[in-house]
Amino acid sequence: MRFDVFTLFPSLLTSPLQSSILKRAIEAGRLSVVVHDIRDYASDKHHVTDDLPYGGGGGMVMKPEPVFAAVEDILNEEREAKSEGPLHTPRSIFHIPRPPIILLTPQGRLFTQAVARELAAHERIMLICGRYEGVDERVRQFLATDEISIGDYVLTGGELPALVVIDAVTRLLPGVLGDPGATLDDSHADALLEYPHYTRPANFRGQTVPDVLLSGDHAQVDRWRREQSLRRTWERRPDLLPKARLSQADLEFLARLAQESAGGVSSSPFD
Ligand code: SAH
């Protein structure tokens, strides 16, 4: 899978792509991230990429021309490779097959595990990172095909959000994680939070690992994990439960939890 990232600060993307799982995914040829410096596409002598907002007010706004030029140049590269003619006007972008062109913005649809899964189905994705007050509205209207926010807070730029998207999507690509089933149990994979994990030592400062995990009884372990997962979700993110696929046994377990809490019995796993 290939990501093209358009940014004014390419160096912000460097280090996270050079470590751990993303680095390995790139080396294994499963992921490619090509970072494009929007400044290279500013046509004037001083490579100006931002300007004052019309209507006044503080802050700077990213100019539309360099952003359009950068994205179109990369789209044209691909069209040339396929012996298709170049694009002529910005609007013509909407009449050709193109990869998702995602604008990172706090005003976009919220990035969730389901959106990550949706994006992982694409061969190629373009990510546009804003800075300052954001990008000229015409980028959103006539260039971007999608808008994504990583949460209800405002950052200084779209580079960290772009990395968040790349990271979450890459984890889902086949062959990236050592264990192919690893993402199935993850928190949010099925609207439930994941069960707790333990590793050696079995006794750490007097705190022991639950016996069931040492029992070697896989059915018991599975049941314990499922119940922990349900309990955590019920305690921490009850808003997720209606979206989860629950068996009869799950529903009975949740009913027991509700009864316990109504009876004043603490249900915290830390007690
Ligand atoms: N004035 C804008 C925010 C600009 S923040 C507004 O109120 O909507 C500057 C840039 O950071 C944005 O253009 C966007 O690319 C990025 N950004 C900030 N917060 C973000 C978030 N929660 N999700 C995705 N991108 C974000």
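Read the numbers this way: they start at 1 and go in the same order the structure lists the ligands and their atoms.
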Asks: Taking only heavy atoms of G151 into account, list the atoms of ligand 1 that are under 4.0 Å away from them.
Replies: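 Under 4.0 Å from G151, ligand 1 has these atoms: 22 (N).
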
Asks: How close do Q18 and K23 get, counting heavy atoms only, and between which atoms?
Replies: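 Heavy-atom minimum between the residues: O-CD, 3.3 Å.
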
Asks: By number and element, which atoms of ligand 1 are closer than 4.0 Å to a non-hydrogen atom of G134?
Replies: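 Going through ligand 1 atom by atom, the ones under 4.0 Å from G134 are 13 (O).
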
Asks: Looking only at protein heavy atoms, which one is nearest to atom 5 (S) of ligand 1, and how far off is it?
Replies: L155 O, 3.3 Å

Asks: Has E27 got more than 12 heavy atoms of other residues, nucleotides or ligands less than 6.0 Å from its CD?
Replies: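 Yes.
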
Asks: Compare every heavy atom of P99 with every heavy atom of T145, then report the nearest pair and how far apart it is.
Replies: OG1-O, 4.5 Å

Asks: Give the C-alpha distance, both sets of side-chain angles, the deciding distance and a yes or no for side-chain contact (heavy atoms from CB on, under 4.5 Å) between R225 and Q220.
Replies: CA-CA 9 Å; R225 286 182 166 168; Q220 288 278 15; over 6 Å; no

Asks: Quick check on contacts: which atoms of ligand 1 are under 4.0 angstrom from a heavy atom of I148?
Replies: 24 (C)

Asks: Which heavy atom in Y153 sits nearest to a heavy atom in P106, and how many Å separate them?
Replies: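 Closest pair (atom of Y153, atom of P106, distance): O-CB, 4.0 Å.
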
Asks: Considering heavy atoms of the protein only, find what lies nearest to atom 24 (C) of ligand 1 and give residue, atom and distance to 0.1 Å.
Replies: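 So the nearest neighbour among protein heavy atoms is T105 N, 3.5 Å.
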
Asks: What I want to check is whether the side chains of T183 and D186 have a donor and an acceptor closer together than 3.5 Å.
Replies: no

Asks: Measure the distance from atom 23 (N) of ligand 1 to every protein heavy atom, then report the residue, atom name and distance (to 0.1 Å) of the closest one.
Replies: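 Atom 23 (N) of ligand 1 sits closest to the protein heavy atom I150 N, 3.1 Å.
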
Asks: Short list, please: which atoms of ligand 1 are under 4.0 Å from a heavy atom of Y132?
Replies: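 Near Y132, meaning under 4.0 Å from one of its heavy atoms, ligand 1 has 4 (C), 5 (S), 9 (C).
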
Asks: R226 vs D250, test: salt bridge (Lys or Arg N to Asp or Glu O under 4.0 Å). Steps then yes/no.
Replies: CA-CA 8 Å; R226 182 73 183 173; D250 292 341; 2.7 Å; yes

Asks: Heavy-atom contact check, 4.0 Å cutoff: does F111 meet ligand 1?
Replies: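 It does not; every heavy atom stays at 4.0 Å or beyond.
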
Asks: Between Q107 and ligand 1, does any nitrogen or oxygen pair lie at a separation below 3.5 Å?
Replies: yes

Asks: What protein heavy atom sits nearest atom 14 (C) of ligand 1, and how far away is it?
Replies: L104 O, 3.0 Å

Asks: Give the minimum heavy-atom separation between A120 and L173, together with the two atoms involved.
Replies: O-CD2, 3.9 Å

Asks: Less than 3.5 Å between some nitrogen or oxygen of G130 and one of ligand 1, yes or no?
Replies: yes

Asks: What atoms in ligand 1 come closer than 4.0 Å to a heavy atom of V154?
Replies: 3 (C), 5 (S), 19 (N)

Asks: Taking only non-hydrogen atoms of D152, do any sit less than 4.0 angstrom from ligand 1?
Replies: no

Asks: Is the number of heavy atoms from other residues, nucleotides or ligands within 6.0 Å of CD (E137) greater than 12?
Replies: yes

Asks: Using a 4.0 Å cutoff against the non-hydrogen atoms of G157, which atoms of ligand 1 qualify?
Replies: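 Within the 4.0 Å cut-off of G157, ligand 1 contributes 10 (C), 11 (O), 16 (C), 17 (N).
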
Asks: Among protein heavy atoms, which lies nearest atom 20 (C) of ligand 1, and at what distance?
Replies: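 So the nearest neighbour among protein heavy atoms is P106 CD, 3.6 Å.
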
Asks: Measure from the side-chain N and O atoms of N203 to the backbone N and O of G206, and report whether any donor-acceptor pair falls under 3.5 Å.
Replies: yes

Asks: Which of the numbered atoms in ligand 1 are under 4.0 angstrom from any heavy atom belonging to P161?
Replies: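 Contacts of ligand 1 toward P161, numbered from 1: 24 (C), 25 (N), 26 (C).
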
Asks: Enumerate the atoms of ligand 1 whose separation from the nearest heavy atom of G158 is less than 4.0 angstrom.
Replies: 11 (O), 15 (O), 16 (C)

Asks: Is it true that, when you exclude D211 itself, more than 12 heavy atoms of the residues, nucleotides or ligands shown sit nearer than 6.0 Å to its CG?
Replies: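 Check fails, neighbour count at 12 or below.
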
Asks: Give me the nearest non-hydrogen protein atom to atom 2 (C) of ligand 1 as residue plus atom name, then the distance to 0.1 Å.
Replies: E133 O, 3.3 Å

Asks: Which protein heavy atom lies closest to atom 22 (N) of ligand 1, and at what distance to 0.1 Å?
Replies: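 In this structure, atom 22 (N) of ligand 1 has Y153 O, 2.9 Å as its nearest protein heavy atom.
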
